[in-house]
Every structure is written in C-alpha cells, then in structure tokens.
Amino acid sequence: MTQAPTIDNAAVDQLAQGFSGRILRDGDDGYDAARSIFNAMIDRRPAVIAQPANAADVSAAVKFAAQHDLLVSVKGGGHAASGHAVTEGGLMIDLALLNEIKVDPQAKTAVAGGGAKWGEVDAATQAHGLAVTGGRVPSTGIGGLTLGSGSGWLERKLGYTVDNMLGAEVVLASGDIVHASESENSDLFWGLRGGGGNYGIVTKFEYRLHEIGPTVFGGMLVFPRFRAGEVIRAYRDFMETAKDDFGGAVGLLCAPPEEFVPEPMHGMPIVAVVVCYTGKPEDGPAAMKPILDLGPVMNMTQPMPYVEVQKLIEAGNQPGFQQYWKAEMLPELPDEAIDALTTATAEPRSTMTAVIVMPLGGAVHRVSDDATAMGWRGAKWGIHMLGQWADASEDDEQIAWVRAVDAAIQPWAQEGTYLNYLMDEGEQRVKESFGAHYKRMEELKNKYDPINFFRLNPNIKPTV
Ligand SMILES: Cc1cc2nc3c(=O)[nH]c(=O)nc-3n(C[C@H](O)[C@H](O)[C@H](O)COP(=O)(O)OP(=O)(O)OC[C@H]3O[C@@H](n4cnc5c(N)ncnc54)[C@H](O)[C@@H]3O)c2cc1C
C-alpha cells in the first residue's frame with residue numbers, strides 16, 4: 001500500500017473554484033475509481049485528480065500543474081498497459097467527463113470528446129449507418145488509441161483511425177487552447193496523428209465517417225490448436241489477395257468459458273479466426289471460402305450488427321487483471337515465422353492470454369508514409385502478445401512466457417513496433433517505433449512542449 005500523497009490543499013481549493021468539472025483528492029468519492037485502469041498491476045495514487053468538463057478546465061488544470069511543479073498524467077479510457085494514465089503523487093487529468101459525441105450524418109463527420117470510448121462512438125455513428133476505424137474493444141478510449149494511430153477491424157478498408165482524422169481541439173503545455181487541422185497548425189495536426197500524447201491534451205477529435213453496415217458479416221471460426229500452423233498459413237495466403245472489405249485476425253488463445261462454447265472445450269487451446277466482412281452480408285461465406293474449406297470445429301459467423309462485431313473479443317478483455325504485452329510488426333509472415341510462433345505458444349501459461357496475428361495492408365498501405373506521424377506503415381503483419389492472468393504471484397512466470405514468445409518471432413520482426421502496444425520497452429524502442437519520423441517529431445516537441453510537460457507517454461524528449 002502506497003502512502004497518501006501530500007498537496008497544498010488551499011491551492012487545490014482554489015483550482016476547484018471556477019472549475020466546471022470535478023476535483024478529487026484521496027478519500028473523495030470517485031477517487032479510487034478514477035485512478036484505477038485496465039491493467040491491475042498499476043496501483044498509483046495521484047495527489048489530485050482533475051476531471052475537466054471542458055477545454056477551459058483542462059487548460060486550468062495544466063496551468064495549475066505547471067505552477068505547482070506536478071507531474072501530469074492524462075487518462076482517456078485507461079487502457080494503456082504501460083499505466084501512463086496514472087501519475088504517482090502528481091496531477092492526473094482524467095478526461096472521463098469529456099465524452100460528448102456529435103454526428104453530422106449529412107457531412108459524414110463526427111466530433112467526439114477526448115475522453116469518449118469506442119463503444120460510445122460506434123453506437124452514435126452506427127445509428128446513422130456510419131463508422132470510422134475504431135478499437136476492437138468498446139471500453140478502449142478514443143484518446144490513446146487515436147493518438148497512437150488507431151488500428152481496428154476496418155483498417156484495411158478505411159485506413160487507420162488517424163487516416164480519418166479531420167482535426168482536433170488541443171490544450172498545449174502552455175495552457176493555450178488551439179485547433180489543429182490540415183489548414184490550422186498543420187504541423188501539430190501531423191504530429192498528433194501517431195505521436196501519442198506528446199504534444200498536448202486533445203479535448204475534441206473530429207473524424208471523417210464512412211458508410212458501414214449497420215449489418216455486416218462477422219463472427220468467429222474455431223479450430224483445434226494442433227492445426228495452428230496450417231490455419232495461420234492458409235489465413236496468410238488468403239489475406240494476400242483478400243478484398244479490403246475483409247478485416248479480422250487469427251488468434252491463438254484458449255476457449256473462453258462462455259455459453260456458446262461447449263463445456264468440454266472451456267480453457268482448451270484453440271485457433272480462432274475473427275471475421276469482419278463489410279461487403280454485402282450475404283456474400284460473406286463465399287468471400288471467406290478458402291478459410292471455411294479448412295473445416296472449422298465451430299462456425300459462429302453470420303450477418304450481425306457492426307456494433308456486435310466490435311464486441312466479439314470484449315468478454316476476453318475485461319479490466320482488473322494483470323497485463324503484460326509485447327507486439328511486433330512484420331514485413332512478411334514466412335512459414336518459418338509461423339512455425340516459431342506456434343512452437344513458442346504451444347503450451348499456454350494462462351488461459352486468458354491471447355496472441356493475435358493481424359493482417360495490415362489495404363487502405364493502410366495506400367496512405368503515404370509521410371502523411372502522418374505514424375511510423376512503419378509498410379508492415380504487412382502485426383503480432384500482439386497479450387499476456388493476461390488473475391494472480392499477481394504468477395507475474396514473473398507469465399511475463400517470462402510473453403517475452404519468450406516475442407523472442408521467438410524476433411528474427412522476422414522489423415525494428416520498431418506499433419505505438420499503442422508499447423509497454424516497458426524503454427527509450428530506444430520508442431525511438432525505433434516512430435521510425436524515420438523521429439527527427440521531425442523531436443522538432444515538433446521542441447516547438448509545442450519544450451519543457452517535456454507531457455512525458456508520461458512513449459516519450460519524445462525535447463532537445464532545446
Ligand atoms: C482491451 C484492449 C483492446 C485494445 N484494442 C486495440 C485496438 O484494437 N487497436 C489499437 O490500436 N489499440 C488497441 N489497444 C491499445 C490501446 O489503443 C492503447 O492502450 C491506448 O493507449 C488506449 O487508449 P486509452 O485512452 O484507453 O488509454 P489511456 O491509458 O487512458 O491513455 C494512454 C495515453 O494516451 C494519452 N492520451 C489518452 N487520451 C488522450 C487525449 N485525449 N489527449 C492527449 N493524450 C491522451 C496519454 O498520454 C495517456 O497516457 C487495446 C487495449 C486494450 C486494453
């Protein structure tokens with residue numbers, strides 16, 4: 001149990017005056033809920049938690065932290081496994097109240113508060129049959145996910161989330177509130193699209209929307225684990241020529257204890273192909289014939305609302321568990337890499353851990369590498385090793401297992417990885433993950449945050 005942090009209470013009282021949102025101190029109702037995040041390993045106690053109700057509140061909180069020399073953390077949905085959303089002893093700016101979403105169905109655009117969650121954005125946009133590439137679990141925050149580029153089932157069709165970002169309202173380290181788009185502060189707009197939380201606090205995201213569904217063809221196909229190599233190889237070959245309408249992934253996981261899974265299978269290692277097909281729903285089975293022909297033991301694919309596809313992996317991704325992640329991006333997925341992956345994952349240490357192999361390409365590859373700050377657009381495959389378990393006493397062995405899987409695929413991985421899955425990799429890995437854009441991003445950091453006020457993130461260090 002950590003010590004309750006101390007803070008100048010009179011100064012906090014002063015901040016609270018004129019603050020439209022909420023100010024929480026240790027012991028206040030809501031303090032513990034606000035400081036808890038998805039990864040149960042993180043147990044930190046901010047001295048103060050500010051929950052702004054608008055951009056002016058965010059600006060006041062930023063200025064307060066600067067004045068009192070407090071380390072600031074920014075919480076969107078609290079999903080980053082790194083725990084960067086929670087500062088120990090400093091000021092946490094929790095954007096939970098900034099979750100308003102406005103959709104303009106005619107213009108096909110949406111404006112969403114910086115603390116909104118993907119489930120909320122999907123619900124609001126799908127009410128008009130519209131969508132933007134969003135996170136694969138509804139409780140993920142749009143803030144962290146978008147600023148790290150934003151990968152989702154729709155990316156092969158629509159590009160990353162940032163490829164559909166039209167603008168943002170941002171509170172800078174100075175406390176100034178600015179707007180960034182192609183025509184205003186365009187350098188900042190470029191940096192926001194893949195730069196993590198390095199340049200400021202986004203209070204509003206503006207997205208371009210696309211006609212999707214509302215009914216699409218989706219679900220899961222399940223195979224026994226001993227067929228992992230064969231299924232991943234077939235999936236890879238299929239995705240080489242699959243239409244952009246075909247999104248999804250292949251995962252190595254254990255059958256969840258869900259009603260729809262026959263009881264004898266609960267906890268058994270399986271291979272699951274997740275399907276999100278956004279062509280005509282009735283064309284779904286024909287579109288994935290090569291995978292169906294493999295003969296899954298369970299076929300749960302069918303026409304379903306897109307919002308349900310967005311919940312397909314929600315049950316296996318609940319808050320409150322220990323988390324340890326690794327991720328790699330691969331230019332190609334040769335047979336040798338698949339063999340290494342299936343061998344390393346053959347004996348899972350946790351029935352909650354999943355290793356997901358994601359096809360990139362399509363619209364993601366059609367955007368030029370320099371269009372946004374996101375590094376490494378050319379990768380064809382992403383592999384996310386999502387270590388999850390309940391008992392903290394197992395931390396060491398579970399972490400070792402995830403690291404061993406990562407080590408096994410290293411020979412085929414490129415230098416940097418996908419920003420949103422970074423955890424504890426350190427400075428060098430962060431630099432590598434921004435790739436060739438790092439220098440330009442450093443210059444932007446010098447311009448917009450020369451004192452490194454925003455540093456609880458995959459940090460770009462200013463050089464001024
Ligand atoms: C169950 C689960 C599923 C996931 N699925 C996907 C997926 O499908 N695709 C994908 O790309 N990633 C996915 N991720 C990773 C996820 O995108 C990152 O963890 C991301 O950081 C989460 O955003 P958040 O706002 O919830 O996180 P938080 O932990 O709240 O924030 C992480 C960091 O982002 C910054 N930040 C957040 N909001 C703002 C803001 N409004 N302004 C400025 N900075 C901000 C801050 O630096 C903060 O420290 C998933 C994670 C989990 C746990």
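The first residue in the sequence is number 1, and the count goes up from there. Computed over heavy atoms, backbone and side chain alike; hydrogens, waters and symmetry mates excluded. Note that the structure is a prediction, hence the values are computed from the model and not measured. In each ligand, atom 1 is the first atom listed, and ligand 1 is the first ligand listed.
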A.B. asks: State, without any angle test, whether Ser151 and Arg136 hold a side-chain donor-acceptor pair at a distance under 3.5 Å.
C.D. replies: yes

A.B. asks: Closer than 4.0 angstrom: is that true for some heavy atom of Phe454 and an atom of ligand 1?
C.D. replies: no

A.B. asks: Residues two or more places apart in sequence or in another chain: which of them pass salt bridge (Lys or Arg N to Asp or Glu O under 4.0 Å) with Glu397?
C.D. replies: Arg349

A.B. asks: With rounding to the nearest 0.5 angstrom, report the OH to CD1 distance, Tyr421 to Ile356.
C.D. replies: 8.5 Å

A.B. asks: So is there a nitrogen or oxygen of Tyr418 less than 3.5 Å from a nitrogen or oxygen in ligand 1?
C.D. replies: yes

A.B. asks: Which of the atoms of ligand 1 are close to Gly197, meaning less than 4.0 Å from one of its heavy atoms?
C.D. replies: 44 (N), 47 (O)

A.B. asks: Against ligand 1, does Tyr160 come closer than 4.0 Å with any heavy atom?
C.D. replies: no

A.B. asks: Measure the OG1-CG distance between Thr278 and Asp245 for me, rounded to the nearest 0.5 Å.
C.D. replies: 4.0 Å

A.B. asks: Rounded to the nearest 0.5 Å, how far does CD of Gln388 lie from CZ of Phe321?
C.D. replies: 7.0 Å

A.B. asks: Could you say whether the N/O atoms of Phe38 and ligand 1 ever approach to under 3.5 Å?
C.D. replies: no

A.B. asks: Glu169: which residues meet the side-chain hydrogen bond (donor to acceptor under 3.5 Å, both in side chains) condition with it, sequence neighbours left out?
C.D. replies: Thr203

A.B. asks: Identify, for atom 50 (C) of ligand 1, the protein heavy atom at the shortest distance, and state residue, atom and that distance.
C.D. replies: Thr140 OG1, 4.1 Å

A.B. asks: What do you reckon, does Gly150 have a nitrogen or oxygen under 3.5 Å from a nitrogen or oxygen of ligand 1?
C.D. replies: no

A.B. asks: Once you round to the nearest 0.5 Å, how far does NE2 of His179 lie from CD of Glu206?
C.D. replies: 3.5 Å

A.B. asks: May I ask whether Trp325 places a heavy atom under 4.0 Å from ligand 1?
C.D. replies: yes

A.B. asks: Ignoring hydrogens, just give me the one of Ser73, Ala80, Gly77 whose non-hydrogen atom is nearest atom 25 (O) of ligand 1.
C.D. replies: Gly77

A.B. asks: Please state which protein non-hydrogen atom is closest to atom 46 (C) of ligand 1 and give its distance, to 0.1 Å?
C.D. replies: Val74 O, 3.6 Å

A.B. asks: Hey, could you give me the CG/CE distance between Leu419 and Met374, rounded to the nearest 0.5 Å?
C.D. replies: 8.5 Å

A.B. asks: For atom 13 (C) of ligand 1, grab the closest protein heavy atom and report residue, atom and distance to one decimal in Å.
C.D. replies: Tyr421 CE2, 3.5 Å

A.B. asks: Contact between Gly134 and ligand 1, counting heavy atoms under 4.0 Å?
C.D. replies: no

A.B. asks: Can a side-chain donor-acceptor contact be found between Glu328 and Gln410 if the only test is distance below 3.5 angstrom?
C.D. replies: yes

A.B. asks: Of all the non-hydrogen atoms in the protein, which one sits nearest to atom 2 (C) of ligand 1, and at what distance?
C.D. replies: His79 ND1, 3.6 Å

A.B. asks: Which residue owns the protein heavy atom closest to atom 26 (O) of ligand 1, what's the atom, and how far is it?
C.D. replies: Gly141 N, 2.9 Å

A.B. asks: Does Asn420, backbone or side chain, put an N or O under 3.5 Å from an N or O of ligand 1?
C.D. replies: yes

A.B. asks: Is Gly114 in polar range of ligand 1, meaning some N or O pair under 3.5 Å apart?
C.D. replies: yes

A.B. asks: Any idea which atoms of ligand 1 are less than 4.0 Å away from a heavy-atom of Leu95?
C.D. replies: 40 (C), 41 (N)

A.B. asks: Provide the number and element of each atom of ligand 1 under 4.0 Å from a heavy atom of His84.
C.D. replies: 49 (O)

A.B. asks: Taking the basic N atoms (NZ, or NE/NH1/NH2) and the acidic carboxylate oxygens, is any pair closer than 4.0 Å for Glu88 and Arg45?
C.D. replies: no

A.B. asks: Hey, which atoms in ligand 1 end up nearer than 4.0 Å to a heavy atom of Leu456?
C.D. replies: 47 (O), 49 (O)

A.B. asks: Work out whether the distance between some heavy atom of Gly148 and some atom of ligand 1 is less than 4.0 Å.
C.D. replies: no

